[in-house]
Amino acid sequence: MPAELAKRFDPKPVETRLYQAWMDRGLFHAPTDGTRPRFSMVIPPPNVTGSLHLGHALNNTLQDLLARHKRLLGFDVLWMPGTDHAGISTQVVVEKDLAKRGKTRHDLGREAFVDQVWEWKAKYGARIVEQLQALGASCDWERERFTMDPGLSRAVREVFVRLHHQGLIYRSEYLVSWCPRCTTVLSDLESPYKLVNGKLYRIRYELVGGSGAIEVETTRPETLLGDTAVAVHPEDERWSRFIGKRVRLPLLGREIPVVADTFVDREFGTGAVKVTPAHDPNDFECGRRLGLPAINILHPDGRLNENAGPYAGLDVAEARKQVVADLDTQGLLSGVRDHPHEVPHCDRCDTQVQPLLSEQWFMRMAPLAAPALAAVREGRVALHPKSWENTYFHWMENIRDWAISRQLWWGHRIPAWQCAACSEWTVSVEDPSHCAHCGSAEIAQESDVLDTWFSSALWPFSTMGWPDETATLRRFYPTDVLSTAPDILFFWVARMIMMGLHFTGELPFRHVYLHALVRDEQGRKFSKSKGIGIDPLDVMAVYGTDAMRFTLTSLAAQGRDIRFGMQVMEGGRAFVTKLWNAARFALMNLADYDPGARAGEASLYDRWIRHRMDVAIADAHAALDEFRFNDAAQILYHFVWGELCDWYIELAKLAFQGGDEQRRRTAQATLVAVLRGALTALHPIMPFVTDEIAASLPDADGRFLMEGRYPERGGPLDAESAREMDTLVDVVTRIRQVRGELELPQPTLVGVTFPSAAEPFVGRHAAAIRALARAAQPRCSDEPPSPTASVVLVQGWSLRVELDDPRFVADELRRLDKELVRIDKDLVLTARKLDNPNFVERARPEVVSAEREKCAQLESERNTVQDRLAKLRRAAGGAA
RNA sequence: UGGCACGUAGCUCAGUGGGAGAGCACUACCUUGACACGGUAGGGGUCGGCGGUUCAAUCCCGCCCGUGCCAACCA
């Protein structure tokens with residue numbers, strides 16, 4: 001029995017109720033013993049400290065769309081959800097919390113602090129999951145994973161140990177990017193460059209023995225405390241006489257050599273550069289080449305250490321001020337100028353990163369990158385949009401070793417133990433009791449943890465139980481699609497490909513969809529720190545989740561960012577409402593619908609709308625196959641609004657209001673079928689409103705849309721029927737145009753006269769023409785038109801709209817003049833082409849003949865219009 | 001600095017080697033029994049600029065300008 005639908009759709013209660021019902025029914029759970037085809041994805045695990053932002057909303061809407069789409073195609077779908085432990089972010093959050101109580105993590109000690117983080121996670125970690133659920137995400141929550149779960153932690157250890165044994169993980173002293181606030185090393189990717197209004201200081205280094213000085217320029221004068229050389233270009237004549245001599249380091253008085261190295265840019269500054277191997281990447285390389293010592297002047301917390309002599313204890317900024325002042329008073333500062341330049345900053349806390357020499361664990365990337373590069377190059381993994389592949393190649397070809405250790409407490413502690421007796425490392429999955437090298441029991445585990453991305457790189461298989469050969473892994477790995485933000489292409493996607501290939505021998509996914517960046521109305525990137533952003537939960541509260549999902553989907557064009565302001569939501573909401581109202585109309589007319597009754601022969605209108613639905617759904621599927629989400633949304637929007645509502649429902653009213661019982665029954669059957677088809681097709685984009693409506697349809701059987709299938713295609717619409725429907729649409733549209741152009745008062749019923757050749761057509765569609773064009777009963781006659789008629793050409797017929805009022809003659813003359821101008825304009829363009837012998841000879845024949853046809857058509861129209869104009873003018877003149 | 005995108009109606013954006021499209025906004029008319037978050041019609045664009053290829057360029061190519069992303073970065 002059809003239920004009544006409320007006058008307005010109220011999203012909130014429906015969303016809560018339906019989501020719970022879907023969960024209760026277990027619709028999101030993917031069985032491992034299924035026999036149907038399978039489809040799987042892993043969610044990009046959001047940061048456990050995070051909350052849903054619009055980028056997540058977009059990405060997860062699209063993934064949910066794919067998941068539901070595949071279910072409707074009959075796949076067993078696994079969408080694996082979970083969160084990651086976000087080492088630095090989470091630790092920072094909990095530390096801030098502690099700071100409010102005047103404590104640091106060191107007050108608690110490692111173990112107690114980690115307990116504290118787990119507590120925090122238990123309390124707030126579910127927030128992001130709840131938000132995903134509010135979005136409608138149909139993840140298999142029974143399988144939810146966290147990167148620090150025992151199973152995933154075991155996978156991390158397993159991978160670390162295997163890579164270490166394979167020589168792909170090593171420990172080494174290296175110049176790393178160091179965040180003094182977080183007191184940890186950062187990877188290159190975690191330290192983006194930002195423009196800083198720095199200064200360039202010119203400093204004199206006096207030659208030992210006193211015959212002159214070398215001037216160098218630097219943006220970080222305080223690093224001179226760690227200088228171990230001054231370098232010049234070997235072929236630089238200005239400085240060649242200094243090479244091999246020694247200069248006196250200002251302030252500290254240390255003697256350091258002048259060396260030659262080709263890395264020096266002769267064009268820059270004085271052409272001489274101070275060398276600080278412990279605190280600058282270029283200098284580090286130079287120092288290695290020339291065997292220079294490296295003097296570390298920094299404490300991990302960013303203050304200067306004892307090597308800085310009198311400056312020890314100052315932080316970098318203070319030291320810089322002091323050093324500059326001292327240089328100045330000693331007359332060694334010969335210039336200062338502004339020098340804006342790019343300096344790496346900590347991705348998490350925005351502190352300036354300090355290059356620092358330290359012992360770290362590294363992963364050797366080149367051997368892992370090679371097969372991952374080949375996989376994309378050979379198309380075994382496809383990136384969408386394809387334009388990202390170049391970026392991927394470039395990065396992978398120039399890949400550098402990955403610093404994987406982090407000086408944090410929250411994360412996967414590195415499974416390596418150093419022996420107090422022999423200093424060797426023992427690396428093992430199980431905690432060892434003694435040194436593998438000398439047997440000593442005095443071993444201590446490395447205190448560092450692994451970069452969070454190390455565990456994320458294993459996500460597609462660690463979530464499925466690897467290294468065990470689980471049923472889930474067998475059935476759902478490798479996955480089909482990964483959808484994610486382009487800014488983590490290297491952080492995450494590339495590393496997953498490398499790890500997947502290395503450890504499972506398979507690519508972790510076939511397709512990578514890199515979604516658009518969501519910006520605000522001014523085109524700015526959303527940013528937590530700058531307070532720029534729209535909370536998707538606010539959007540959902542105001543407009544409804546379906547409206548937001550639809551809007552985001554319709555804006556998700558490949559290769560383009562999304563500018564999102566609240567007002568772009570209006571369209572999505574209007575569409576939800578339109579669908580709702582169409583359903584209300586249907587239900588009003590389905591009160592006595594009998595699903596069991598044999599439907600009679602379908603009318604042209606019935607067959608047409610079913611066909612249009614088939615086409616729309618097929619087109620939408622083709623769009624989804626190519627990740628053209630916006631096209632899919634637009635195709636279905638146009639079908640529902642522009643065809644179902646604008647035409648079919650208006651035509652169905654005739655069947656419902658007329659007295660023909662058989663026509664009414666077939667229209668009912670068609671309406672139910674088409675509405676259910678439209679709801680099913682839209683369900684992946686707008687799951688809530690569609691399921692809510694579907695449950696009210698008279699053919700509802702208690703199952704949710706997701707448990708069903710897309711409608712099966714009917715036969716094609718025969719050409720003659722298609723043409724007839726086109727003609728009807730044209731006729732109605734042309735009459736409406738005349739009404740509009742002549743500004744006829746809306747309630748006026750106009751008379752319409754067709755040529756007698758149109759009699760069969762008019763006989764079949766008189767009711768439709770009357771209703772849709774607001775016309776009186778159409779007539780058929782070949783008599784010449786009366787002077788007050790407006791004549792339009794449609795599908796070869798000369799159609800008359802009877803105005804019956806001489807006042808409209810002037811309007812009609814104006815309308816015909818306008819028409820003539822348009823025709824003439826087109827005619828000139830066409831004639832110009834046809835007069836060009838090159839066109840006639842070289843253009844494709846079908847183009848030429850089409851042009852000829854058009855020309856003939858235009859000429860005939862022109863004659864008719866001119867003829868009509870002449871007659872009207874004569875009549876008007878005669879009357880005057 | 002290099003690579004890659006993008007620049008189309010007032011706004012947000014589709015699109016294509018053979019007469020420029022949608023939604024919103026705007027104008028006019030319409031409170032017709034699904035819907036004013038609506039209906040019908042209409043106005044509005046040298047498709048960033050300059051060259052080139054072509055019978056034909058908004059589309060292909062080159063250069064330039066503007067915007068963005070990615071990568072690198074000279075101390």
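Numbered from 1 within each chain, the chains take letters A, B, ... in sequence-line order.
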Nearest to the side chain of [X], heavy atoms from C-beta on, is which of [options]?
| X | options | value |
| --- | --- | --- |
| V273(A) | G18(B), A34(B), A75(B) | A75(B) |
| I649(A) | G18(B), A34(B), A75(B) | A34(B) |
| F585(A) | A34(B), C37(B), U12(B) | A34(B) |
| A574(A) | C35(B), A75(B), G38(B) | G38(B) |
| E650(A) | A41(B), C70(B), C35(B) | C35(B) |
| D646(A) | G18(B), A34(B), U40(B) | U40(B) |
| K818(A) | G43(B), C4(B), C70(B) | G43(B) |
| D487(A) | C70(B), C4(B), A41(B) | C70(B) |
| W641(A) | G38(B), A75(B), U12(B) | G38(B) |
| N630(A) | A71(B), A14(B), A75(B) | A14(B) |

Nearest-angstrom distance, [atom1] atom, [N] to [M]:
| N | M | atom1 | value |
| --- | --- | --- | --- |
| C64(B) | G2(B) | P | 10 Å |
| G52(B) | C70(B) | P | 37 Å |
| U58(B) | U46(B) | C1' | 11 Å |
| G10(B) | C26(B) | C1' | 9 Å |
| A25(B) | A34(B) | P | 23 Å |
| A9(B) | A5(B) | C1' | 23 Å |
| U67(B) | C73(B) | P | 25 Å |
| C59(B) | U53(B) | C1' | 13 Å |

Sort out the partner of [N] for me: Watson-Crick or G-U wobble, both distances under 3.5 Å, none otherwise.
| N | value |
| --- | --- |
| A57(B) | none |
| C74(B) | none |
| G38(B) | C30(B) |
| A25(B) | none |
| U46(B) | none |
| G7(B) | C65(B) |

d([atom1], [X]; [atom2], [N]) in whole Å:
| X | N | atom1 | atom2 | answer |
| --- | --- | --- | --- | --- |
| H233(A) | A75(B) | NE2 | C1' | 15 Å |
| I399(A) | A72(B) | CD1 | P | 11 Å |
| Q567(A) | C24(B) | CD | P | 13 Å |
| E570(A) | A25(B) | CD | P | 8 Å |
| R8(A) | C37(B) | CZ | P | 6 Å |
| L514(A) | A5(B) | CG | C1' | 13 Å |
| L489(A) | G3(B) | CG | P | 19 Å |
| W395(A) | A72(B) | CH2 | P | 9 Å |

Quick one: label [X] by what it contacts on the DNA or RNA (base, sugar-phosphate, nothing), any heavy atom closer than 4.0 Å.
| X | answer |
| --- | --- |
| E841(A) | nothing |
| V568(A) | nothing |
| S554(A) | nothing |
| W580(A) | nothing |

Check this one for me: any side-chain N or O of [X] less than 4.0 Å away from OP1 or OP2 of [N]?
| X | N | value |
| --- | --- | --- |
| N282(A) | C74(B) | yes |
| K653(A) | A34(B) | yes |
| Q737(A) | U40(B) | no |
| K7(A) | C35(B) | yes |

ask   = Would you call L579(A) and L679(A) a side-chain contact if the rule is heavy atoms closer than 4.5 Å?
value =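 Side-chain contact under 4.5 Å: yes.
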Enumerate, atom names and distances included, each donor-acceptor pair closer than 3.5 Å involving a side-chain atom of residues 819-833 of chain A, sequence neighbours excluded.
unit_1: E819(A); atom_1: OE2; unit_2: R822(A); atom_2: NH2; d: 3.3
unit_1: R822(A); atom_1: NH2; unit_2: E861(A); atom_2: OE1; d: 3.4
unit_1: D824(A); atom_1: OD1; unit_2: R862(A); atom_2: NE; d: 2.4
unit_1: D824(A); atom_1: OD1; unit_2: R862(A); atom_2: NH2; d: 3.3
unit_1: D824(A); atom_1: OD2; unit_2: R862(A); atom_2: NH2; d: 3.4
unit_1: T830(A); atom_1: OG1; unit_2: D826(A); atom_2: O; d: 2.8

ask   = In terms of ring plane angle, is the pair W641(A) and F575(A) parallel, tilted or perpendicular, where the classes change at 30° and 60°?
value = parallel
task = Determine the interplanar angle of the W395(A) and F490(A) rings, folded into 0 to 90°, and report it as parallel if under 30°, tilted if 30 to 60°, perpendicular if over 60°.
result = parallel
message = Quick check for you: to the nearest 0.5 Å, what is the distance between W647(A) atom CH2 and L772(A) atom CG?
response = 5.5 Å
key: Pairwise distance CG(D619(A)) to CZ(F639(A)) - rounded to 0.5 angstrom   =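 The distance works out to 11.5 Å.
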ask   = Is K653(A) positioned over the aromatic face of F585(A), cation under 6.0 angstrom from the ring centre and no more than 45 degrees off axis?
value =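 Output yes; distance and angle both within limits.
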query = How about F627(A) and H384(A): are their ring centroids closer than 6.0 Å?
reply = yes
query = Looking at C70(B), does its base get a donor-acceptor pair with the side chain of T391(A) below 3.5 Å?
reply = no
Contact list (N/O, under 3.5 angstrom) for nucleotides 7-9 of chain B vs protein:
unit_1: G7(B); atom_1: OP1; unit_2: R560(A); atom_2: NH2; d: 3.1

ask   = Can we say D280(A) and R220(A) salt-bridge, meaning some charged N sits less than 4.0 Å from an Asp/Glu carboxylate O?
value = yes
ask   = Mapping R573(A) and K833(A) to their closest nucleotides on RNA chain B, which lands nearer the 5' end?
value =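 The answer here is K833(A).
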task = Using heavy atoms to find the nearest nucleotide of RNA chain B for M588(A) and D631(A) separately, return the residue whose nucleotide is more 5′.
result = D631(A)
query = Which atom pair, heavy atoms only, marks the closest approach of D283(A) to K274(A)?
reply =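 Looking at all heavy atoms of both residues, the closest pair is OD2-O, 3.3 Å.
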query = Who pairs with K7(A) by salt bridge (charged side-chain N to carboxylate O under 4.0 Å, His left out), at least two apart in sequence or on another chain?
reply =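 By the salt bridge (charged side-chain N to carboxylate O under 4.0 Å, His left out) rule, K7(A) matches no residue at all.
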